[in-house]
Amino acid sequence: DRSAVEPLAQFVLDHRADEAMDAHPEGLRGSVDGLLRLGGPSHRQLLSFVGGDAHTRPFLRAYAQEALAAATVAVPGAANR
């Protein structure tokens with residue numbers, strides 16, 4: 001359901017630097033997956049920002065980078081969408 005996209009994006013932004021999320025990373029990982037599955041180009045940009053920002057928790061930074069790379073390989077040309 002695409003109505004979940006903006007709440008997922010806000011959740012990632014709100015909690016990307018939250019140390020407490022280290023103990024339960026599945027919520028942020030699921031949000032990244034949901035944004036890639038349901039979101040558009042602006043959501044890929046958001047994940048690119050999260051994946052490259054020094055304030056993002058290391059597990060999320062790595063996961064966002066890996067998920068974006070996998071999504072780009074899975075859907076040729078996805079980086080340009």
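Quantities reported herein were computed from a predicted structural model and do not represent experimental measurements.
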Between side-chain atoms of residues 22-32 and protein atoms elsewhere (two or more places apart, or another chain), which donor-acceptor pairs fall under 3.5 Å?
residue: D22; atom: OD1; partner: R57; partner atom: NE; Å: 3.1
residue: D22; atom: OD2; partner: R57; partner atom: NE; Å: 3.4
residue: D22; atom: OD2; partner: R57; partner atom: NH2; Å: 2.6
residue: S31; atom: OG; partner: G27; partner atom: O; Å: 2.9

Over all atoms of both residues, closest heavy-atom pair of F11 and M21: CZ-CE, 3.8 Å

So does L68 get a backbone contact from the side chain of T72, meaning a donor-acceptor N/O pair under 3.5 Å? yes

Nearest heavy-atom approach of R44 to A71 is NH1-CB, 3.7 Å

By salt bridge (Lys or Arg N to Asp or Glu O under 4.0 Å), D33 pairs with (sequence neighbours left out) none

Identify the two heavy atoms, one from R61 and one from V50, that lie closest to each other, and give their separation to 0.1 Å. CG-O, 3.8 Å

Separation of H55 NE2 from D18 CG (nearest 0.5 Å): 14.5 Å

Flag the pair R16 and D53 as a salt bridge only when some basic side-chain nitrogen lies within less than 4.0 angstrom of an acidic carboxylate oxygen. yes

V5 versus L35, closest heavy-atom pair with distance: O-CD2, 3.5 Å

What I want to check is whether the side chains of H15 and Q10 have a donor and an acceptor closer together than 3.5 Å. no

Would you check, one step at a time, whether the test side-chain contact (heavy atoms from CB on, under 4.5 Å) holds for E6 with H43? CA-CA 9 Å; E6 292 310 317; H43 300 101; 2.9 Å; yes

Mind checking the CG-CG spacing from L13 to L8? Nearest 0.5 Å is all I need. 11.0 Å

